[in-house]
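The structure appears below as structure tokens.
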Amino acid sequence: MTEKATLTIEGRSYDFDVFIGSENEKSIDIKDLRSKTGYITMDPGYGSTGSCRSSITYIDGAKGILRYRGYPIEEIASKATFVETAYLILYGELPKPDEFKEFSTCLREHAPIHTNLEHHFSGFPKSAPPMAILSAMLNLISCFHPELLDIHSEGPEFDKTAALLLSKVQTIAALAYRNAVGKPFNHPNPHLSYCANFLHMMFSDPYQEYVAPPVVEKALNLFLVLHADHEQNCSTSTVRVVGSSRANLFSSVAAGVCALWGPLHGGANTAVINMLEDIKKSGRPLSYYIDKAKDKKDPYKLMGFGHRIYKNFDPRSIILKKQVHDVLQELNLKDSLLQIALELEEATLSDDYFISRNLYPNVDFYSGIFLRAIGIPLNMYTVMFAIGRMPGWISNWQELLEHKQRISRPRQIYTGSIERQYIPLEER
Ligand code: CMC
């Protein structure tokens, strides 16, 4: 017998279907709630609202589990390349050797950007935030590919658009950086791996080719793999909302970049470093900042702590914390911010405020220190997150179309003035 949920309101009972996911996640299907009862649900921030069914990523926030297409993040992070991971997220299976080769070739072919598009970079001031450039340029690429504006969720046009975005996002990111530092652009090198090519475009100079040390290339790969998807987070939901109007993939992911920018989401990786720098410079004890974060009258928060879904350690943070030590050691570097971060984590783990609210370090807590170690500049951290998240955005956009999902259009409860009469200007 199919399970039902019963709602009793104003003396009448209504039955709603229950839908259970493959990992026993439970939901009540309320799409007919308003038409049956006249009521809507109220859930600002959507903490208890499922917006879709998805087979891409599974998270159990209570147990700290994250899986891409069924594969545990720990396994993917230690064994797979970002290109393999992107393929897995997009197509649902790990690529076979010939599929991997074809996909990698396709990414290489799409890495260069049109010369006319390159000229647009010089129009940005040097101080332009790279996230603004990235979002603008992702939209702008569509002008150079009108044939890809009206695509469906499958077929060669989709494959081409997906590869093009996965590849060009890193070229645009590197050019945005070169523009900001006033250095000549480096064209992509088709003989390099995805990560080595990005580092080359960022750091090579006309007379000195940058050759990424293996530890740096491996670390960048890990960072991107850990960010590849995270189910219905703020930016992915934004991509889905925009895509639900049947907007094209370019504009949908450009909107995703904007949503990611904020400090409560992807911008947190930059905010964490700013916070740790402030702590270091001020010389104040950590307890000062912890008390500030606990004070309800103070808007201050410990950046890199807390998560809507994880009520336990974020598994990505555990991996980054371990790897940041190894990377610093291999590069023979020391970072005083790491010591502050470790002490801050330690202090919160025995603090009732953080314990009772299940506030643990999230992915952004150690990722900034990790990116610093491999030489990525601070204003590029959230851009790095965007490069990593591209497979997840594309795949969620595709799934939305495949499922022929209705346009996203939440309702509201109006709390403004009731009807009143217009008073002419001179009589007011
Ligand atoms: N520092 C101090 N208190 C916090 C923090 C924090 N970082 N995060 C949450 N709280 C408190 C919050 O004030 C609330 O307390 P109370 O119950 O007394 O009102 C309680 O914990 C629950 O928090 P919430 O704001 O209801 O949680 P949320 O699910 O709406 O927000 C969050 C999640 C990630 C936006 C929030 O924890 C936060 O602002 N963290 C800092 C920013 C950050 O690190 N963001 C990166 C998120 S992970 C990467 C990604 O997906 O983007």
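Small disclaimer: the values here were computed from a predicted structure and weren't measured. First listed ligand is number 1; within each ligand, the first listed atom is number 1.
Tyr289 and Arg284 make their closest contact through CE1-CB, 3.9 Å (heavy atoms, listed as atom of the first residue, atom of the second, distance). Heavy atoms only, all atoms of each residue included: Ile151 and Leu401 are closest at O-CD1, 4.4 Å.
When heavy-atom distances to ligand 1 are checked against 4.0 Å, the residues falling inside are Pro263, Leu264, His265, Gly266, Ala268, Ala293, Lys296, Lys301, Leu302, Met303, Gly304, Phe305, Gly306, His307, Arg308, Tyr353, Arg357, Leu359, Asn362, Val363, Asp364, ordered by chain and number.
Aromatic rings of Tyr366 and Phe370 (six-membered ring for Trp) have centroids beyond the 6.0 Å cut-off, not under it.
With sequence neighbours excluded, the residues that form a ring-ring contact (aromatic ring centres under 6.0 Å, His included) with Phe144 are His114.
The list of salt bridge (charged side-chain N to carboxylate O under 4.0 Å, His left out) pairs with a residue in residues 148-169, not counting sequence neighbours, reads Glu147-Lys160.
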Listed pairs under 3.5 Å, donor-acceptor, residues 133-141 side chains, sequence neighbours left out:
{"from": "Ser135", "atom 1": "OG", "to": "Ala254", "atom 2": "O", "distance (Å)": "3.0"}

